[in-house]
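Note that the structure is a prediction, hence the values are computed from the model and not measured.
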Amino acid sequence: MCETSIKEERITAKEYIDFLKRTDLGVDREYEGQGIGSQLMRTAHDLAGGKKDIAVYLIANENAIPFYEKLGMQKSNEVMQYDHIEWTDFAVC
């Protein structure tokens, strides 16, 4: 079992972009439905300066689309996608 804490601090736009280049956010399926993903998205927005200061583009698993729609995101056909990833289980501790 992993212990998780989220430390809030302000970062620069460059630091945030560098972070995004190396990071995928996700919630272990065992912990879905507990608000963790929503908090991750709120924290990412806050660290970037607020919802109006960030654009989020992602490739979502079809099963996750209702989650992202609940957050106010819209499904788009405008983004190019190359997705041949075989997803495997993993844990980050």
Side-chain angles (χ1 to χ4, degrees):
M1 178 188 234
C2 300
E3 290 190 32
T4 304
S5 64
I6 297 175
K7 179 182 173 187
E8 293 188 36
E9 61 183 65
R10 293 288 177 185
I11 61 174
T12 66
K14 182 188 179 315
E15 290 170 328
Y16 183 68
I17 290 168
D18 289 343
F19 163 78
L20 289 177
K21 287 179 183 175
R22 295 186 297 277
T23 306
D24 288 328
L25 297 176
V27 176
D28 189 297
R29 287 185 178 98
E30 182 178 336
Y31 297 97
E32 287 179 353
Q34 298 181 30
I36 298 168
S38 297
Q39 183 61 46
L40 283 171
M41 292 298 287
R42 281 193 298 275
T43 300
H45 283 148
D46 290 346
L47 289 172
K51 287 183 180 182
K52 295 188 180 208
D53 292 330
I54 184 174
V56 178
Y57 294 92
L58 57 86
I59 298 171
N61 175 304
E62 286 294 319
N63 295 332
I65 290 173
F67 165 76
Y68 290 110
E69 289 176 336
K70 189 171 92 173
L71 293 176
M73 297 180 82
Q74 298 174 353
K75 192 171 179 181
S76 171
N77 293 326
E78 303 298 320
V79 178
M80 297 300 294
Q81 173 181 330
Y82 182 88
D83 183 8
H84 298 279
I85 298 171
E86 271 190 51
W87 293 100
T88 57
D89 292 334
F90 65 93
V92 178
C93 295

Can you sort out the partners of [X] under side-chain contact (heavy atoms from CB on, under 4.5 Å), two or more places apart, ordered by chain and number?
{"X": "E30", "result": "D28"}
{"X": "F67", "result": "S38, L71"}
{"X": "A13", "result": "none"}
{"X": "Q74", "result": "none"}

Problem set entry | For S76, side-chain hydrogen bond (donor to acceptor under 3.5 Å, both in side chains) partners two or more places apart | none
Exercise. Does K75 have any side-chain hydrogen bond (donor to acceptor under 3.5 Å, both in side chains) partners at least two apart in sequence or in another chain, and if so, which?
Worked result: none
Exercise. Partners of K70 by salt bridge (charged side-chain N to carboxylate O under 4.0 Å, His left out), sequence neighbours excluded?
Worked result: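 Scan of K70 (salt bridge (charged side-chain N to carboxylate O under 4.0 Å, His left out), adjacent residues dropped) gives none.
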For this session: Any salt bridge (charged side-chain N to carboxylate O under 4.0 Å, His left out) involving residues 32-42? Give me the pairs, sequence neighbours left out, ordered by first then second residue.
Result: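 Checked against salt bridge (charged side-chain N to carboxylate O under 4.0 Å, His left out) - neighbours excluded - no pair reaches residues 32-42.
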Exercise. Are I36 and Q39 close enough that some pair of their side-chain heavy atoms sits under 4.5 Å apart?
Worked result: no
